[in-house]
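Comments concern the structure below.
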Amino acid sequence: MGLRSPHFHAKVIWWHGVGAYIGSANLTNAAWYNNVEAGCFFTEEEMLEDAIDEELRAFFRAIDEHASPLTEELFAQLERRAQEIKPTTLKNRRDLEKLLKVPSVKKWDGLVHRTRSLATEERKTHFLEEWHQTLQQLRDIGTRISDDANRPRWIPAIVPAGAQADQFLHAHYYSHVIRERRSEYESDFIKNRENPEAALSAAIKWWSELENPPHEEERTLTEWTPFLQAMLSKDRILTLSENEFEEVCKRVWSIQDHGRRVRNTTLGLPDGRRYTMEEKTHALAKYLYARTAATGASILETLFYVIHDGSDEDLPIRLWNATSSEGKYRIDHLGKSALGELVGWAKPNTFPPRNNRTSKSLRSLGFQVDIYESTPSDKNRE
């Protein structure tokens with residue numbers, strides 16, 4: 001817990017996987033039942049389309065960064081203050097200003113003093129720092145599990161280490177993190193964050209002793225990985241037909257997962273019935289294939305830009321340009337999770353595939369990583 005400065009006056013309720021309320025109402029009975037308040041509710045679909053989820057995460061991250069640790073000493077001062085203002089409220093403001101001047105409270109002028117360009121740059125810096133840190137964690141895991149001592153016998157040694165890292169985390173996620181059809185990655189994170197190495201070592205031991213793939217990981221590694229590498233290669237990616245692009249989408253977990261949460265009408269599907277994941281993936285692939293970025297780049301040109309148009313060192317910057325709300329190469333419904341995974345399948349030896357499931361699996365092991373999208377539940381894709 002932390003103490004926020006007086007500049008924090010937001011009223012936001014975010015039901016992950018459902019939507020968010022942003023408005024004037026405090027979380028009080030008077031606000032909800034007596035006062036005249038104003039507010040907006042954005043569905044998860046609308047948040048994803050307009051990158052509102054990204055804006056909210058950056059907003060709360062900035063709040064947390066400027067919060068002061070709620071120490072016992074500071075809590076005692078707050079209790080004393082509460083007792084002092086009981087007889088009168090006239091000196092409330094003076095007392096509060098005095099309290100906020102104690103050395104343990106961070107000084108902050110609030111978000112209103114940040115320009116839009118500065119806020120964007122801060123989000124970009126955070127993204128790049130977190131991306132590089134998580135990328136190295138995935139590379140280290142790939143090196144460890146691709147070692148002969150840790151690689152299950154059903155995985156050929158020629159399979160890229162980054163792809164093995166992805167499927168190791170895939171298996172761990174669906175075997176250990178999903179419990180009673182719920183993703184318990186956050187409770188696991190709290191348990192393992194003090195010693196992620198111990199949790200990772202135990203998971204690697206479990207993986208190395210598997211006689212058979214628990215969730216068709218062998219198919220992904222031996223059939224889908226070479227297919228995706230070929231389709232997303234520099235010489236091939238710009239020539240993909242709509243059908244070939246759909247075949248790529250059908251092998252990218254984050255695209256399938258996102259497709260099931262996109263409104264039917266957005267994808268040109270009649271409302272009134274429940275569609276299968278295969279049907280939604282087909283519709284999303286068709287939707288994406290027809291989209292263009294602000295630059296006028298097609299989906300294939302956008303993928304080429306991110307994956308191949310420049311050095312690998314600058315690839316994370318191109319990824320940011322294609323996924324941030326200000327990015328000129330951004331295409332609706334092609335987010336960080338999907339692009340992070342596509343980059344990984346195109347270049348698994350350099351960039352292990354990373355999607356939202358990968359991040360949740362890493363977080364369950366105690367690693368401090370960002371979750372790009374939040375869903376109400378996680379179910380096996382098979």
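In this chain, numbering begins with 1 at the start of the sequence shown. Heavy-atom basis, side chains included; hydrogens, waters and symmetry copies ignored.
The two atoms that bring Pro214 and Ala171 nearest to each other are CG-CB, 3.8 Å, heavy atoms only. Annotation for Gly259 and Leu267: closest pair O-CD1, 4.2 Å, computed over non-hydrogen atoms.
Note on Lys360 versus Asp188: no salt bridge recorded, every NZ/NE/NH1/NH2 to OD/OE distance being 4.0 Å or above. Remark: Asp257 engages Arg261 in a salt bridge, criterion side-chain N to carboxylate O under 4.0 Å. Using a 4.0 Å cut-off between a side-chain N of Lys or Arg and a carboxylate O of Asp or Glu, Glu279 and Arg273 qualify as a salt bridge. A salt bridge links Arg153 with Glu211: the distance from a Lys NZ or Arg NE/NH1/NH2 to an Asp or Glu carboxylate oxygen falls below 4.0 Å. Ion pairing of Glu326 with Arg123 is present here, as a side-chain N (NZ or NE/NH1/NH2) and a carboxylate O approach within less than 4.0 Å. Asp312 and Lys347 are joined by a salt bridge, as a carboxylate oxygen and a charged side-chain nitrogen come within less than 4.0 angstrom of each other. Ionic pairing of Glu246 and Lys286 is not present here: no N-O contact between side-chain nitrogen and carboxylate oxygen is shorter than 4.0 angstrom. Using a 4.0 Å cut-off between charged nitrogen and carboxylate oxygen, Glu341 and Arg354 do not count as a salt-bridge pair.
Within a 6.0 Å radius of CD in Glu197, other residues, nucleotides and ligands contribute more than 12 heavy atoms. Within 6.0 Å of the NZ atom in Lys11, the count of heavy atoms belonging to other residues, nucleotides or ligands exceeds 12. The number of heavy-atom neighbours closer than 6.0 Å to CD of Glu194, taken from other residues, nucleotides and ligands shown, is 12 or below. Atom CD1 of Ile158 has 12 or fewer heavy atoms from other residues, nucleotides or ligands within 6.0 Å.
In this pair, Trp131 and Phe351 present their aromatic rings tilted. The plane angle is within the 30 to 60° band. Classified by interplanar angle (parallel below 30°, tilted 30° to 60°, perpendicular above 60°), the ring pair Trp206/His176 is perpendicular.
The line from CZ of Arg363 to CZ of Phe189 is 4.0 Å long, rounded to the nearest 0.5 Å. Between atom CD of residue Glu184 and atom CD1 of residue Ile190 there is a gap of 10.5 Å, rounded to the nearest 0.5 Å. The CG atom of Leu365 sits 10.0 Å away from atom NZ of Lys191, with the distance rounded to the nearest 0.5 Å. Note that the CH2 atom of Trp207 and the NE2 atom of His172 stand 12.0 Å from one another [nearest 0.5 Å]. Atoms CZ and CD1, from Arg318 and Ile307 in turn, are 9.5 Å apart once rounded to the nearest 0.5 Å. One finds the CD atom of Glu216 at 9.5 Å from the CD atom of Glu223 (value rounded to the nearest 0.5 Å).
The only option from Ile255, Ile331, Leu334 that meets the side-chain contact (heavy atoms from CB on, under 4.5 Å) definition with Leu339 turns out to be Leu334. Among the candidates Phe168, Tyr174, Tyr173, the single residue satisfying the ring pair (Phe, Tyr, Trp, His ring centres under 6.0 Å) test with His170 is Tyr174.
Cluster membership check: Val252 does not share its hydrophobic cluster with Leu221, using side-chain heavy-atom separations under 4.5 Å among Ile, Leu, Val, Met, Phe, Trp and Tyr. Hydrophobic clustering, with ILVMFWY side chains joined whenever heavy atoms are under 4.5 angstrom apart, groups Phe127 together with Tyr329. Val177 and Ile141 are members of different hydrophobic clusters when ILVMFWY side chains are connected at heavy-atom separations under 4.5 Å. Linking Ile, Leu, Val, Met, Phe, Trp and Tyr whenever their side-chain heavy atoms come within less than 4.5 Å leaves Leu138 and Trp253 in two separate clusters. Residues Val369 and Leu56 are members of separate hydrophobic clusters, defined by side-chain heavy-atom contacts under 4.5 angstrom among Ile, Leu, Val, Met, Phe, Trp and Tyr.
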Verdict with supporting geometry, Glu130 and Thr134, side chain to side chain donor-acceptor pair (under 3.5 Å): CA-CA 6 Å; Glu130 195 273 347; Thr134 304; 3.1 Å; yes
The test is side chain to side chain donor-acceptor pair (under 3.5 Å); show your working for Tyr305 and Asn321 and say whether it passes. CA-CA 10 Å; Tyr305 163 75; Asn321 292 338; 2.9 Å; yes
Evaluate the side chain to side chain donor-acceptor pair (under 3.5 Å) criterion for residues Glu247 and Asn243: first the C-alpha distance (whole Å), next the side-chain angles of each, then the deciding distance (0.1 Å), finally the verdict. CA-CA 6 Å; Glu247 289 302 313; Asn243 288 338; over 6 Å; no
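Contact of the His258 side chain with the His333 side chain is registered, since non-hydrogen atoms from C-beta on lie closer than 4.5 Å. Thr358 has its side chain out of reach of Pro353: every pair of non-hydrogen atoms, C-beta onward, lies at least 4.5 Å apart. You'll find the side chain of Ile299 stays beyond 4.5 Å of the side chain of Arg291, heavy atoms only. In this structure the side chain of Ile22 never reaches within 4.5 angstrom of the side chain of Trp14, judged on heavy atoms. A heavy-atom distance below 4.5 Å is not found between the side chains of Glu217 and Pro152.
Between the side chain of Arg151 and the backbone N or O of Ser146, at least one donor-acceptor pair lies under 3.5 Å. In this structure, the side chain of Asn355 does not engage the main chain of Gly340 through any donor-acceptor pair within 3.5 Å. With hydrogens and angles disregarded, no donor-acceptor distance shorter than 3.5 Å links the side chain of Asp314 to the backbone of Ile317. In terms of modelled atom types and a separation under 3.5 Å, the side chain of Ser208 and the main chain of Asn150 share no donor-acceptor contact. Within the 3.5 Å criterion, the main-chain N or O of Thr350 finds a donor-acceptor partner in the side chain of Arg139. Although no hydrogens or angles enter the test, the distance criterion places a donor-acceptor pair under 3.5 Å between the side chain of Ser324 and the main chain of Trp320. The main-chain N or O of Trp345 is never found under 3.5 Å from a side-chain atom of Trp224 such that the two would form a donor-acceptor pair. Looking only at distances, no side-chain donor or acceptor of Arg182 sits under 3.5 Å from a matching main-chain atom of Ile178. The backbone N or O of Val159 sits less than 3.5 Å from a side-chain atom of Gln164, completing a donor-acceptor pair. Side chain of Ser337 to main chain of Ser254: no donor-acceptor pair is present (N/O by atom type, distance under 3.5 Å, no hydrogens or angles).
Not less than 6.0 angstrom separates the ring centroid of Phe41 from the ring centroid of Tyr21.
A cation-pi arrangement, defined by a distance under 6.0 Å to the six-membered ring centre and an angle within 45 degrees of its axis, is present between Arg251 and Phe227.
Side-chain N/O atoms of Arg219 and Thr222 include no donor and acceptor closer than 3.5 Å. Side-chain contact, Asn264 with Lys280: a donor N or O sits under 3.5 Å from an acceptor N or O.
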